[in-house]
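Below: the structure, in structure tokens.
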Amino acid sequence: MKQHTLFGETKESDAGNESIVTLPPSNLPSFIPSEAGMCKFDLSFTIAATGKDLTSDSTVGIALCKEKGKAYYVPIRHSQGLNLTDALNIIKSYLEDTSIAKIGHNLKHDILMLRKEGVHVKGIIYDTMIGSYLLNSNKPDHSLENVALEYLLYKKRSYLEVIGKHHSFADVPIDEATLYAAEDAELAMELKELLFKKLWDEGLEGLYFNMEMPLIYVLADMEEAGIKIQRDRIRQLSKELDEELIKLRQKIFLLSGEEFNINSPKQLSKILFENLGLKPLKKTKTGYSTGMDILEELAKSHDLPGEILNYRTLFKLKTTYIDTLPVLVNKKTGRLHTSFNQTVTATGRLSSSEPNVQNIPIRGPWGTKIREAFVAEEGHILLSADYSQVELRILAHMSNDSGLIEAFKTNVDVHTRTAADLYGIPKEAVTQDMRRTAKTVNFGVIYGISPYGLSDTLKISPKEAGLFIGEYFKKHRSVQKYIEETLVSARTNGYVTTMLGRKRLTPEINSSNALTRQQAERMAINSPIQGTAADLIKIAMIGIWRRLKERGLKTRLILQIHDELLLEVPENELREVKNLVKYEMENAISLSVPIKVEIGCGKSWAEAH
DNA sequence: GCCGTCACG
DNA sequence: ACGTACGTGACGGCA
């Protein structure tokens, strides 16, 4: 059989090699693929697409680059060029070959686009976008334009410039298209060399190769899988909400004495603070604040603020979820496909967009109703697995605080224990109110506590808040010491790290502006904790994904919500998958306290969680 | 395009 | 006098 080759290499057939990625069974570092001589060569590639919005995106061509100055453009759906099948066969012979390492910028996107063409990228990958992210997670933009500008001092021509007066990329003359697409592939190849060295210098190579790169495949599968929602159920909710909103509007206008746009904070301010003469409690940049905490306070002296809050709740649920989710259901799959963004957050968490599946309502009756519309496919069950108090457990481990460690080892309620400490009473005497206060303090510690922040949340004076904080640190000297050490290290190194070595730069930590400096200090305290929790669940996701593949199970990971994983499980796999998921999550890394995962199952997300 | 607001962890 | 809890994304209003 004749093999297409672009670079003149000889290609041995590797029939039967079905492995996707093969990495050590658990944890980091150890093994750098192309350095270990596992790959024949590195190949940089990039997809040229029609652009527009993602749903109607279609692949026009693919550029392949083996070394600088040596790149090819394979037209797939270009107005001029190859027959589609021939083109795809050439592409497959490279991108499905596990003995070739692939380089790209935002590979998950390209991998997913190619899957729609029946091309399944396999093997070792290097994503330069994620390289840039690991080097500085504070940057808001890791696009190829930006990264090439920062590291190569190269100003790319904009996509719109290339399209020019043509209708789409498919109509750009093929010579020009080749230059443009090949340039992207070349840039990624150059960036890989440069960023790779920097990652190695900073000790980030383990995180890169053993966590973020494998995770690309996991996230691609999750996005591709999507989740089923019951559209008729949501439409029903929309009708109910409409009726409620109409009633609320009338009530509000009656209380206000006039009609106005309730959604306009400016118009609302006039009603509240001018017409009704209520006391404005806080200012924003543009006027008086009408935020939730303020309206809750004002609700004590007038009926209107409470109704405004009710209105806002329902309006939010309707516009952001009820009316939007059905529109985003994919026509082909009938399911909802989010994007999991791997290079957005400063701490190492994922984010989710279009739609954001990480902020689907859960509280209140409407939260339940909305989550009831997220369901398992026929013959399947949704399984939700939740880390319990994961950030506090991580704090216990990182600070090595004997009190916290003992609390988790003996499985007592940690907030109740903190309450007993704070009030100096036995656990049995702790009231619900005391426990709630202690819970807020525990969260506060993770957020980089301050008397002002705590007083604001607890609605007590900063002085009282300061007493709580003092009492907490008296009982948890190790936590206090840990925080101080973290700050010292941030000040001297200019960054903080997670347990797995993920970095967050802290450029403002020595600022002469106290406000700026204190803000940087809170970030420096919070990031190692939030970031370690992010590392933990990422390792668990890769572990689960591998085990599922190993055992040939049909179960799919569907969603990640920071400390929760949602899986869609065929009924007959449920028992096995429950154990598998719990094990991988609880043993992803080893702490000096147990890691606890709670599992729930059901036909809907509401039932499972 | 920014601001205020609010949904989630 | 100053005055913030950490991390996100999406909406409507308004320049």
Side-chain angles (χ1 to χ4, degrees), chain A residues 137-138 140 260-269 282-296 308-309 311-325 327-328 338-341 343-364 366-367 370-371 386-391 395 440-458 462 465 468-469 496 504 513-531 533-534 537 559-565 605 609:
Chain A
S137 61
N138 286 327
F260 66 103
N261 187 342
I262 307 170
N263 298 318
S264 161
K266 199 177 159 192
Q267 292 183 40
L268 177 62
S269 285
K282 203 167 101 190
K283 273 192 196 170
T284 65
K285 284 177 194 169
T286 51
Y288 295 126
S289 169
T290 68
M292 204 156 63
D293 45 343
I294 304 298
L295 292 192
E296 269 167 10
I308 299 284
L309 285 174
Y311 172 87
R312 281 200 184 145
T313 302
L314 298 194
F315 189 83
K316 176 89 169 187
L317 296 181
K318 183 166 157 60
T319 52
T320 307
Y321 306 99
I322 306 278
D323 289 348
T324 314
L325 292 177
V327 180
L328 292 168
T338 186
S339 291
F340 285 108
N341 314 306
T343 61
V344 170
T345 71
T347 54
R349 274 188 177 181
L350 299 176
S351 87
S352 157
S353 53
E354 279 183 299
N356 181 352
V357 293
Q358 295 179 323
N359 73 347
I360 302 296
I362 185 168
R363 292 155 200 162
W366 292 97
I370 292 173
R371 287 196 175 209
D386 226 291
Y387 279 115
S388 155
Q389 319 261 20
V390 68
E391 293 190 345
L395 175 67
T440 309
V441 173
N442 277 333
F443 270 105
V445 172
I446 289 167
Y447 292 155
I449 204 158
S450 77
Y452 291 106
L454 186 63
S455 71
D456 216 45
T457 313
L458 283 178
F468 276 128
I469 296 170
V496 289
R504 180 175 185 182
N513 179 317
L515 212 64
T516 309
R517 189 177 61 247
Q518 285 159 14
Q519 190 166 24
E521 288 175 351
R522 291 195 300 274
M523 290 174 183
I525 292 161
N526 176 257
S527 292
I529 301 169
Q530 190 181 117
I537 198 168
L559 304 180
Q560 188 250 44
I561 310 98
H562 309 306
D563 62 356
E564 173 189 3
L565 295 176
W605 196 2
H609 188 81

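Just so it is clear: chains get the letters A, B, ... in the order the sequence lines come, proteins before strands, and each one is counted from 1. These values consider heavy atoms only, across backbone and side chains, with no hydrogens, waters or symmetry-generated copies.
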A:Ile529 CD1 - C:dC6 P separation (whole Å): 13 Å

Distance test, side-chain N/O of A:Lys318 to OP1/OP2 of C:dC11, below 4.0 Å: no

Touch class at under 4.0 angstrom, heavy-atom based, for A:Thr284 against every strand present: sugar-phosphate

Sugar-phosphate only, base, or nothing, as touched by A:Leu454 at under 4.0 Å among non-hydrogen atoms: base

Whole-Å distance separating the OH atom of A:Tyr447 from the P atom of C:dT8: 13 Å

A:Asn526/A:Thr347 under side chain to side chain donor-acceptor pair (under 3.5 Å): CA gap, chis, key distance, verdict: CA-CA 9 Å; A:Asn526 176 257; A:Thr347 54; over 6 Å; no

Separation of C:dC6 P from A:Asp456 CG (nearest whole Å): 11 Å

Sugar-phosphate only, base, or nothing, as touched by A:Val344 at under 4.0 Å among non-hydrogen atoms: sugar-phosphate

Sugar-phosphate, base or nothing in reach of A:Arg504, heavy atoms under 4.0 Å: sugar-phosphate

A:Arg312 and A:Leu295, any side-chain heavy atoms less than 4.5 Å apart: yes

Any side-chain heavy-atom pair of A:Ile360 and A:Trp605 under 4.5 Å: yes

Nucleotide interval of DNA chain B bounded by contacts with chain A (heavy-atom cut-off, under 4.0 Å): B:dC3 to B:dG9

Between C:dT4 (P) and A:Asn513 (CG): distance, integer Å: 12 Å

Sugar-phosphate only, base, or nothing, as touched by A:Ala534 at under 4.0 Å among non-hydrogen atoms: nothing

side-chain N/O A:Thr320 vs C:dC11 OP1/OP2, d < 4.0 Å: no

Side-chain N or O of A:Ser527 closer than 4.0 Å to phosphate OP1/OP2 of C:dG7: no

Touch class at under 4.0 angstrom, heavy-atom based, for A:Thr286 against every strand present: sugar-phosphate

Check: A:Thr345 side chain, C:dT8 base, donor-acceptor under 3.5 Å: no

Euclidean distance, atom CG of residue A:Asn526 to atom P of C:dG7 [Å, nearest integer]: 6 Å

Distance-minimising heavy-atom pair for A:Tyr288 and A:Ser269: O-OG, 3.5 Å

Spacing of NZ belonging to A:Lys282 relative to OG1 belonging to A:Thr290, to within rounding of 0.5 Å: 10.5 Å

Integer-rounded Å distance: C:dT4 C1' and A:Arg522 CZ: 4 Å

Nearest-angstrom distance from the residue atom CZ of A:Phe340 to C1' of C:dT8: 13 Å

Derivation and outcome, side chain to side chain contact (heavy atoms under 4.5 Å, CB included), residues A:Tyr447 and A:Val445: CA-CA 5 Å; A:Tyr447 292 155; A:Val445 172; over 6 Å; no

Enclosure of A:Phe443 CZ (heavy-atom neighbours >12, cutoff 6.0 Å): no

C:dG3 versus B:dA7 - spacing of their C1' atoms, nearest Å: 26 Å

Touch class at under 4.0 angstrom, heavy-atom based, for A:Gly291 against every strand present: sugar-phosphate

Integer-rounded Å distance: C:dA10 C1' and A:Lys316 NZ: 6 Å

Sugar-phosphate, base or nothing in reach of A:Asn359, heavy atoms under 4.0 Å: base

Watson-Crick or G-U wobble partner of B:dC3, both distances under 3.5 Å: C:dG12

Sugar-phosphate only, base, or nothing, as touched by A:Ile362 at under 4.0 Å among non-hydrogen atoms: sugar-phosphate

Whole-angstrom distance between C:dC2 and B:dC6, as gauged at atom P: 25 Å

Sugar-phosphate only, base, or nothing, as touched by A:Gln267 at under 4.0 Å among non-hydrogen atoms: sugar-phosphate

Nearest-angstrom distance, C1' atom, C:dA5 to B:dC2: 24 Å

